[in-house]
Visitor: 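Dropping a structure here in structure tokens format, bear with me for questions.
Heavy atoms only: backbone and side chains are in, while hydrogens, waters and symmetry mates are out.
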Amino acid sequence: MDNTPANETGTGAGDYVGQAIADALSVLLRRTTRARLHSRLTDGMGEALDELTYPVISALARTGPRSAADLAHEVGLDRSGVTRRASRLEAAGLVRRETDPADRRAQLLVLTEDGRSTVAELRVRLVDHIMESMSSWPPDEAETFARQLRRFTTEGPFG
């Protein structure tokens, strides 16, 4: 007999696993969870870099030069929100604006050399934070989790 708890609808183990994953994802995707992580990662890295500007600089590193409107879709903000955050990053020398070669009327947001160095430091901090949080995990479990999480994000509902 299967002793796996049923989810709220009373269905079987497979639905329980799906619900457990959905519950964990809801914590990860919560705006406050992301903001706390971004705040921790940017602590002490200058006034322009905080939980509000982190998504913009991080997205620029992932996507390359983008207009504020295009970047807005990537980070889940409106264009004016991206523009305000990008202006702070620009004033700190982390981002610059360039004319879009495909549309001379438009401006692209581009990471500067200092911006790329800052993102590299943020990525090191993120990896260190993840590894610290998993320090009690047996190495084989951590490796399996990493492999399965990668598979889930490429083949699962996000792929």
Visitor: Which pairs pass salt bridge (Lys or Arg N to Asp or Glu O under 4.0 Å) with one or both residues in residues 52-78, sequence neighbours excluded?
Guide: Arg62-Glu74
Visitor: Run the side chain to side chain contact (heavy atoms under 4.5 Å, CB included) test against Asp100 and tell me which residues pass, sequence neighbours left out.
Guide: Ala102, Asp103, Ala106, Leu108
Visitor: Please, which pairs that meet ring-ring contact (aromatic ring centres under 6.0 Å, His included) have at least one residue in residues 62-82, sequence neighbours excluded?
Guide: none
Visitor: Does the side chain of Met45 reach to within under 4.5 Å of the side chain of Leu122, using non-hydrogen atoms?
Guide: yes
Visitor: Taking atom CG of Leu126 and atom CG of Leu41, what is their separation to the nearest 0.5 Å?
Guide: 5.5 Å
Visitor: Which heavy atom in Ile57 sits nearest to a heavy atom in Gly115, and how many Å separate them?
Guide: CD1-O, 4.1 Å
Visitor: Which pairs pass salt bridge (Lys or Arg N to Asp or Glu O under 4.0 Å) with one or both residues in residues 139-152, sequence neighbours excluded?
Guide: Arg151-Glu155
Visitor: Say you draw a straight line from CD1 of Ile130 to OG of Ser135; how long is it, rounded to the nearest 0.5 Å?
Guide: 13.0 Å
Visitor: Got a second to check how far Leu94's CG is from Leu111's CG, nearest 0.5 Å?
Guide: 8.0 Å
Visitor: Identify, with sequence neighbours excluded, every residue that meets side chain to side chain donor-acceptor pair (under 3.5 Å) alongside Ser87.
Guide: Arg97
Visitor: Going by heavy atoms in the side chains, are Val110 and Val95 under 4.5 Å from each other?
Guide: no
Visitor: In a table with atom names and distances, give each donor-acceptor pair under 3.5 Å that connects a side chain of residues 23-30 to protein atoms at least two apart or in another chain.
Guide:
| residue | atom | partner | partner atom | Å |
| --- | --- | --- | --- | --- |
| Asp23 | OD1 | Gln19 | NE2 | 2.8 |
| Ser26 | OG | Asp23 | O | 2.7 |

Visitor: With Met131, which residues qualify under side chain to side chain contact (heavy atoms under 4.5 Å, CB included), at least two apart?
Guide: Val127
Visitor: Salt bridge (Lys or Arg N to Asp or Glu O under 4.0 Å): which pairs involve residues 109-131, sequence neighbours left out?
Guide: Glu113-Arg116, Glu121-Arg125
Visitor: Please name all residues satisfying side chain to side chain contact (heavy atoms under 4.5 Å, CB included) with Ala142, sequence neighbours left out, ordered by chain then number.
Guide: Met134, Trp137
Visitor: Provide the closest heavy-atom pair for Ala61 versus Val119 in the form atom of the first, atom of the second, distance.
Guide: CB-CG1, 3.5 Å
Visitor: Any donor-acceptor pair under 3.5 Å linking the side chain of Thr53 with the backbone of Arg85?
Guide: no
Visitor: How long is the span from the OH atom in Tyr54 to the CG atom in Leu89, to the nearest 0.5 Å?
Guide: 12.5 Å
Visitor: Could you give the distance from CG (Leu52) to CG (Leu77), rounded to the nearest 0.5 Å?
Guide: 9.0 Å
Visitor: By side chain to side chain contact (heavy atoms under 4.5 Å, CB included), which residues pair with Ala68, not counting sequence neighbours?
Guide: Arg79, Val82, Thr83, Leu109
Visitor: Can you list every salt bridge (Lys or Arg N to Asp or Glu O under 4.0 Å) pair that touches residues 39-55, not counting sequence neighbours?
Guide: Arg40-Glu132, Asp50-Arg88
Visitor: Checking Gln107 now: which residues fulfil side chain to side chain donor-acceptor pair (under 3.5 Å) with it, not counting sequence neighbours?
Guide: none
Visitor: When you group the ILVMFWY residues by side-chain heavy-atom contacts below 4.5 Å and let the links chain together, are Phe152 and Phe145 in the same group?
Guide: no
